[in-house]
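What's counted below: heavy atoms across the whole structure, side chains too, no hydrogens, waters or symmetry copies. The chain is numbered in sequence order, starting from 1.
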Amino acid sequence: MKKLEAIIKPFKLDDVVEALSELGVEGVSVTEIKGFGRQKGRTEIYKGAEYVVDFLPKVKLEIVLNDTLVEPAIQAIQKAAHTGKVGDGKIFVVNVESALRIRTGERDDDAI
């Protein structure tokens, strides 16, 4: 099992979730976050004063998958989240040692 952590632009969330649903992915956790990467924030003007916004709004998706779905899910996220502009995001893949469904006691692949 693997856990995918994808950090994407907020307006791409619906496209990414739809693409994952088409693959048969059944569970996604979503968190609204703020951060920056290479783009280092942006400069804005408010009431005539210029200021720097260091942290940009992003969305973090966490998905635990069977190994067979990992690569198709990565490709689906990349395609759906792509704008071609700086700040499109990142996908991280992490090994998951074990999973347990609290309600039923199912473990590992059965739990996801």
Honestly curious: do [X] and [Y] fall in one hydrophobic cluster under the side-chain, below-4.5 Å linking rule?
X	Y	value
L100	V64	no
F11	V16	no
I8	V70	yes
V28	V94	no
L69	I77	yes

Quick one: does K58's side chain have a donor or acceptor within less than 3.5 Å of a partner on G87's backbone?
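Here the side-chain-to-backbone pair exists.
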
With no hydrogens and no angle check, is any side-chain donor or acceptor of D88 less than 3.5 Å from a backbone partner on H82?
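Not a single qualifying donor-acceptor pair exists.
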
Hey, could you give me the [atom1]/[atom2] distance between [X] and [Y], rounded to the nearest 0.5 Å?
X	Y	atom1	atom2	result
T104	E106	OG1	CD	3.5 Å
I63	L4	CD1	CG	5.0 Å
E62	I7	CD	CD1	9.5 Å
I91	E5	CD1	CD	11.5 Å
I112	M1	CD1	CE	6.0 Å
T68	D109	OG1	CG	8.0 Å

Go through the steps to decide whether S98 and D108 satisfy the test side-chain contact (heavy atoms from CB on, under 4.5 Å), and finish with yes or no.
CA-CA 5 Å; S98 184; D108 302 329; 3.0 Å; yes

Could you give me the CA-CA distance, side-chain angles and deciding distance for D110 and R101, then say whether side-chain contact (heavy atoms from CB on, under 4.5 Å) is met?
CA-CA 8 Å; D110 293 332; R101 184 183 311 265; over 6 Å; no

So, applying side-chain contact (heavy atoms from CB on, under 4.5 Å) with V59, which one of T31, I33, L13 is it?
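Considering T31, I33, L13, a side-chain contact (heavy atoms from CB on, under 4.5 Å) with V59 is found only for L13.
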
Which heavy atom of [X] sits nearest a heavy atom of [Y], and at what distance?
X	Y	value
V96	K2	CG2-C, 3.8 Å
P57	P10	O-CD, 3.5 Å
D15	A80	O-CB, 3.7 Å

Test side-chain contact (heavy atoms from CB on, under 4.5 Å) on V25 and V17; report intermediate values, then the result.
CA-CA 9 Å; V25 174; V17 170; over 6 Å; no

How about Q78: does its CD atom have over 12 heavy atoms from other parts shown lying under 6.0 Å from it?
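Counting neighbours around CD of Q78, 12 or fewer heavy atoms of other residues, nucleotides or ligands fall under 6.0 Å, so no.
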
